[in-house]
Amino acid sequence: MSDLVLPRHVRLAERLAESRASMFVGRAEPLAVFRSAVAAAGPEDERLAVLYVYGPGGTGKSTLLHRFADEARAAGRRVLRVNARELEPSASAFEACAAGVLELPAAVLIVDNFEHGQGLEPWLAYEFLPRLPVGALVVLASRNEPCTHWRGDLGWSAALHVARLSDLDDAEARELLRTMRVRASLHDALIESTHGHPLALRLAAEIARRGDAETVTWESNGSVLRQLVECLVGDAPSPSHQHALEVCAHGLATTESLLRSTLGEEAPALFAWLRREPYVECGQHGLAPHDLVREILDADLRWRDPAGYQRMHEQMSRHLLDEARAATGPEVLPAVQAYTYLHRHNGFVSRFLSWDIDSGIYEDCYRPSDRMDVLRLIESGEGPGSARIAASWLDTQPQAFRVYRLADSVMPVAVMAWLRLTPDLSEAVLRDPVTAAAWEHVRSRRPLRDGEHFAVGRFLVASDSYQLPSASMDLMIHRCLAEFLHSEHLAWSFLVLASDPFWADFMEYMDQRVLSGEVAVGARNFTLYAHDWRVVTRERWMEIGASLELLGPGAKPKPYAQDAAEVMTVLSRAEFDKAVLDALGSWHRRDGLAASPLTRTRMVADQGHDEPGAALRDLLTEAVAVLRADPRAEKYHRALDVRFLRGAPTREAAAERLGMSVSTYQRHLKRGLQRVLDHLWDRELRGRERERPVA
């Protein structure tokens, strides 16, 4: 019996370590640092004493610590493990669990979930860790980056190494999926849906393996959503903090003013709290969460509280639309993007926008040095005929052109023009068959009035995809939207796209009506999409657009109503003045005011009144009252007030009431009427508020 050799028993711990090693991917840099420290390489006074690993929840800190522990044991080191989540956050509690590392020069102390003991950092840096024997190693893993106590002490410069864990890169993510035996055809979809986040990638791989799905929809699995939220974010301190997180996840960039629109006076404190969270980054325009955190939080709220999600969406939408309309200069385009970003879950709209916000492409003004590059871009996309026409417009309206550049290059990668056109430019307009077609449409439908112009979005060309969805095309579409919101005295707008059915539904969604008949330029045909902003005003356009958004993701485009109640009347100045005079004469007659063509004009529609006749009466009263505020025009106000509002039957009776001659009264009445006509015409052209010019 003594000669019998029994097989060595394999312990479960060894099998677990082998399994962890076979499934482990990435993290080459912190692994190399740890191995070097465990091997005690280098001079004694330069040996690493503390390895500090940090990163958001789910990035694999605990997995990495398991790997550290396995490698330390394999190297013959004694391993002590502490979970700070399970400890009272006090120096005495920590030392009671970790004191062994102070006695063993070869010991490795591994502390997980150190964010729960973060307040101990000064004590660790100045009291506990300096007592370590040389050769001992401490690993701290936290969601938060280390505090300044470490870096404020030059003594720690060689003894401390800080490693930040981020998402897996593409190659690492694919390796993880291979180790989990997920078939290769699913890899792209899973990596895209998880952004390479390790925990999410593992969960998505399990879902895909069970359901054999081509994509992972987080909303479809409430338990997975809950697990991800708990791991990535944890518990918010209060319902207000939770709501602030949800706002941050839904919007493109979160500012105090955006939080204030939904959370009131708590906004500054909540903004400061968000700013400190490890999964939130500070950007040029505000705070933004990690991409996966954004998607998971947004999906979680949509899944568990659809009505609350819709209320939040509507509040944010109103606030961001106001900001987009108020923005000026270089802030216009980012503000419009922030507004439209709320609609990224609309399945219909997302067919046409890439939402590639971080592409590195930005909009810039046209410079004379761009000329050859711009013309080459247009020729490559639309042919030499378009390039020749573009050259003519560059000579006539160089300020109309926008170029789109990569952040690390001045070379244009896309271009578009927003041409502002008036009758005095008819020679240039007629040289271009596209603008000539737009001009003919304007003249034959509802001509321009004094002070108005029409605009043509022309030469939308991206070098990589021409007019297919891309980051460049997104920016050009947003530029058009910005012009819709801001252009002053815009009567008609036209968007010009290569004839292709792809964009037709999107144009209808935005109430850009296709013109019959294509326009040929060289070998390429173009389609024009038109909008008369005096018929469907900016306010009405935004109102109906908001109602379309309420139909939810996947909604099909719904044409804008064009029944008699919706269509505005577009009057020439002479027609407008006559209608105002007739309306003043009918001020005491409701039926007369209700029948006025002015009830279907923009200035009346802007009043938002259920009874257009009553709204017109209010406008006339207000226009006359404006004169009273000007001491120099007070006499004109009295003449109008007596004649129209008080209803003097004749001019002689009006003059007698005012104690003046008929000729003086006539002069005051004429001048007062002209002031009223000018005031109301300006109101008709500009709307309730004067628009701000676009940068």
Side-chain angles (χ1 to χ4, degrees), residues 446-452 489 491 534-535 537 539-540 564-689:
R446 297 181 182 86
L448 300 182
R449 302 174 296 193
D450 291 345
E452 293 180 335
H489 293 179
R534 302 158 306 180
V535 171
T537 65
E539 290 72 20
R540 181 61 178 148
E566 295 280 350
V567 175
M568 300 293 169
T569 296
V570 180
L571 302 173
S572 68
R573 178 64 193 262
E575 293 169 333
F576 182 88
D577 286 357
K578 181 180 183 303
V580 171
L581 293 174
D582 291 344
L584 282 168
S586 302
W587 192 83
H588 291 277
R589 294 175 42 235
R590 286 192 176 185
D591 58 337
L593 288 175
S596 170
L598 294 174
T599 58
R600 297 185 299 280
T601 57
R602 174 184 182 174
M603 68 176 186
V604 172
D606 278 352
Q607 295 294 96
H609 203 295
D610 291 337
E611 295 185 26
L616 176 57
R617 193 173 193 268
D618 291 345
L619 274 173
L620 295 172
T621 305
E622 175 194 313
V624 172
V626 166
L627 299 177
R628 187 170 53 195
D630 181 355
R632 295 170 299 179
E634 198 275 335
K635 55 192 175 185
Y636 307 149
H637 168 265
R638 289 191 296 120
L640 288 168
D641 180 64
V642 167
R643 173 67 182 88
F644 296 111
L645 307 191
R646 299 184 187 277
T650 64
R651 58 186 178 181
E652 289 79 9
E656 183 178 351
R657 288 186 191 179
L658 293 171
M660 62 180 65
S661 67
V662 172
S663 60
T664 300
Y665 164 76
Q666 286 280 74
R667 185 169 64 254
H668 291 176
L669 182 66
K670 181 179 179 181
R671 291 176 180 174
L673 281 172
Q674 191 60 52
R675 295 276 290 265
V676 166
L677 292 172
D678 290 344
H679 171 82
L680 291 174
W681 180 249
D682 186 68
R683 183 75 168 266
E684 171 69 5
L685 291 185
R686 293 176 178 263
R688 191 181 310 178
E689 298 177 1

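- Within the 4.5 Å cutoff, the side chain of L620 has no heavy atoms near those of the L645 side chain.
- Between the side chain of S586 and the backbone N or O of R589 there is no donor-acceptor pair closer than 3.5 Å.
- The shortest non-hydrogen separation linking V624 to H637 is O-CD2, 3.1 Å.
- In this structure the side chain of R651 reaches within 4.5 angstrom of the side chain of Q666, judged on heavy atoms.
- Under 4.0 Å is where a charged nitrogen must lie from a carboxylate oxygen, and between E452 and R534 at least one such pair does.
- The shortest distance between side-chain heavy atoms of R643 and Y665 falls below 4.5 Å.
- Atom NE2 of H668 sits about 4.5 Å away from atom NZ of K635, to the nearest 0.5 Å.
- Between V626 and H679, the shortest heavy-atom contact is CG2-CE1, 4.2 Å.
- Exactly one residue among V604, L593, T601 makes a side-chain contact (heavy atoms from CB on, under 4.5 Å) with P612. That residue is V604.
- Under the 4.0 Å criterion applied to side-chain N and carboxylate O atoms, R628 and D641 are not assigned as salt-bridge partners.
- Using a 4.5 Å cut-off on side-chain heavy atoms (C-beta onward), L619 and L598 make no contact.
- Taking all atoms of both residues into account, the shortest heavy-atom contact from W681 to D450 is NE1-O, 4.1 Å.
- The distance from atom OG1 of T599 to atom CG of L616, rounded to the nearest 0.5 Å, is 7.0 Å.
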- Take D678 and R573, measure what salt bridge (charged side-chain N to carboxylate O under 4.0 Å, His left out) needs, and give me the verdict at the end. CA-CA 10 Å; D678 290 344; R573 178 64 193 262; 2.8 Å; yes
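- Side-chain contact between L680 and F576 is present, with heavy atoms from C-beta onward closer than 4.5 Å.
- Atom CZ of R590 sits in a sparse spot, with 12 or fewer heavy atoms from other residues, nucleotides or ligands closer than 6.0 Å.
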- Task: Give the C-alpha distance, both sets of side-chain angles, the deciding distance and a yes or no for salt bridge (charged side-chain N to carboxylate O under 4.0 Å, His left out) between E684 and R449.
- Result: CA-CA 11 Å; E684 171 69 5; R449 302 174 296 193; 3.5 Å; yes
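- A 4.5 Å side-chain heavy-atom check between L640 and R675 finds every atom pair outside the cut-off.
- Contact record, L673 with F644: CD2-CE1, 3.8 Å, taken as the closest heavy-atom pair.
- The two residues A639 and L658 come nearest to each other via the heavy atoms CA-CD1, 3.9 Å.
- In this structure, S596 OG and R617 CZ are separated by 14.0 Å, a value rounded to the nearest 0.5 Å.
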